[in-house]
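Here the structure comes first, spelled out in structure tokens, and everything after it is commentary.
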Amino acid sequence: MLLRRILTALALNLAVAPAWSAQLDENVQTDKNVLERGQYLARAADCAACHTEEDGTPYAGGRPIETPFGTVFGTNITPDKDYGIGNYSADDFYHALTEGELPDGTQLYPAMPYPSYHSIPREDSDAMYAYLMSLKPVHLKAPETELSWPFSMRWTLNFWNVMFAGKDTAEAQQQFDQWKRGRYLVDVLGHCGACHTPRNVLGAAQSDKYLQGEVIAGYEAPSLTPEGLARRGWSPEALRTFLREGRSAQGSMSNEMYPVFHHSTRYLRDEDLNAMSLYLMGENPPEAHVVEVGDEATADSPGRRHYLNVCAGCHGADGDGIPHVAIGLQGNSTLRLQNPRNLVKAIHDGIEARAFNGFERMQAMPGFANELSDQDTAELTNYLRQTWGGLETAIDASKVHELTQGD
Amino acid sequence: MPTRALSVTINGKLQPVEDIPEELMMLDYLHEYRNLTGTRYGCGQGMCRACTVIVDKPDGSSEEVRTCITGAHFFDGKKIRTIEGHAERGEDGELKGLTNVQQQFLKHFSFQCSYCAPGFVNAGTVLIERLQRQPVDRSQLESVISEALEPHLCRCTGYVRYYEAVRDAVLETSGTIAGRD
Ligand code: FES
Ligand code: FES
């Protein structure tokens, strides 16, 4: 019996010990539970989205990230000694993760969300470190990042302290555990604010406008405030479904949010997704706004004609979509954004095909830049937003031109 | 269902103007109203391109359009070519000659079940017409052909034979390769 236990323990240890003999800091635990926890935390922190090139080896770096100041490349965070984090101690890793400073004193660009990661507790950092150090080292150098001034300046180190996430306010301390967990996942690990918070001209997040929406790589990362979400038809349940499945009645993951789903949110446990929804929408979430569809949905108009010509084949004449193929448009969140940017750009540029959980997928949507003039696109946009988005405002051709020029 | 008048030129002939449902897709119009069944219904979702027709634009250029996901009224006032419009026919409908693309497809035994064939014929034709307007360097030819044929799916996987047929058709057509004639 004892022998069997020893053998089992040995086998378990063999199974979880890193096979690559990376120089792991000896203070860091590497048992199976820690590694699993580290993997879960790394997923929740969405490290892979930025540190994995499209179709590349996980965490080996090289993914280009567009910023208004130039292109930043995700670095190699496998245990490779030359190009990765192979020579980092657990201290070094914690310092880089939470302060944005490398062991040699190099300041990381704020595209790495260390302002959000600032509140990651040491034990979580150690678990992530242990997990990353258990990966196979990949000997691959990520392209050099070259940014214009002022991003090379060290003052960016202090970004974190203007962020809500970095401060454990008295109000936060009084909250209950599920809310705190939600805040940790949203504000800290998930660093949702990195994309969804407006930035000033120097690229610093505006803490007084936390999660109120910002334009990233040409598309709007919309407001995640309770009011903003409810106005676009989100309920906590719909949010949870969206994060776990990549799609819901409100639409499907696209643009910069797709990698977040693909590498991160689909792995999160239901209780964590619940905590995130609770934190984002509050204990008493505002009622999700429902759009009433009126007669204009079927009445003849230039916008309706464009819709039938180029959209209805996939999205249905009534906007219901085709299950497993094309999303429905009734109540779709993108149609309900005050700013028409995302809708206009989707019509103009199209959307890539996307695979979701299970065998679920959405097929590619073609762009209609060659089929529709700016005037046509404006008419179609107005029809969609007014009919199924519940918005009153209309845009004209010049707005379409402004949003799509340079594409 | 509301209807609207549609006026379209198909294979060089202006079709009788008639009221058709405004929600009708072009593929159904071709099949049900014009009895032109050579345009295939494959996936019905814009994925396989079996349903492709050619639109001839006023500036002399031509492009492929998928008819399963495009409303019939999108083609109002436009000129299109379907697979039935390629071969040359006499007054009585008798076959007079095939296009170079069609001949090359036969020569290379490209068709198997032939379900995808109309789409490939249209794709090859549009490519050659484009190259005649904008010739490419010989070194670019392979990638240009791949790019043009890639979106078309062939369930019988006759890709290589389609590819080779189109390459021969391009090379036999004057003015498609820069600096050569
Ligand atoms: S039938 Fe139209 S693309 Fe497949
Ligand atoms: S020949 Fe059969 S589908 Fe292409």
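Quick note on labels: first sequence line is chain A, next is B, and so on, each numbered from 1.
- Other residues, nucleotides and ligands contribute at most 12 non-hydrogen atoms within 6.0 Å of the CD atom of A/Glu54.
- Across B/Met26, B/Glu63, B/Arg66, B/Met47, the residue that shares the most heavy-atom pairs under 4.5 angstrom with chain A is B/Met47.
- Contact count versus chain B (heavy atoms, under 4.5 Å) is highest, among A/Val325, A/Asp300, A/Val310, A/Thr298, for A/Val325.
- Of all the listed residues (B/Val65, B/Ile69, B/Leu27), the one sharing the greatest number of non-hydrogen pairs under 4.5 Å with chain A is B/Ile69.
- In terms of heavy atoms, B/Met25 sits closest to A/Leu308 at CE-O, 3.8 Å.
- Between atom CD of residue B/Glu22 and atom OH of residue A/Tyr307 there is a gap of 12.5 Å, rounded to the nearest 0.5 Å.
- The main-chain N or O of B/Gln45 is found under 3.5 Å from a side-chain atom of A/Gln363 such that the two form a donor-acceptor pair.
- Around NZ of B/Lys79, the count of heavy atoms belonging to other residues, nucleotides or ligands within 6.0 Å does not exceed 12.
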Inset, instruction - May I have the step-by-step check of side chain to side chain contact (heavy atoms under 4.5 Å, CB included) for A/His306 and B/Phe74, ending in yes or no? - result: CA-CA 8 Å; A/His306 301 313; B/Phe74 175 79; over 6 Å; no
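- Environment of CG in A/Asp295: sparse, with no more than 12 heavy atoms of neighbouring residues, nucleotides or ligands closer than 6.0 Å.
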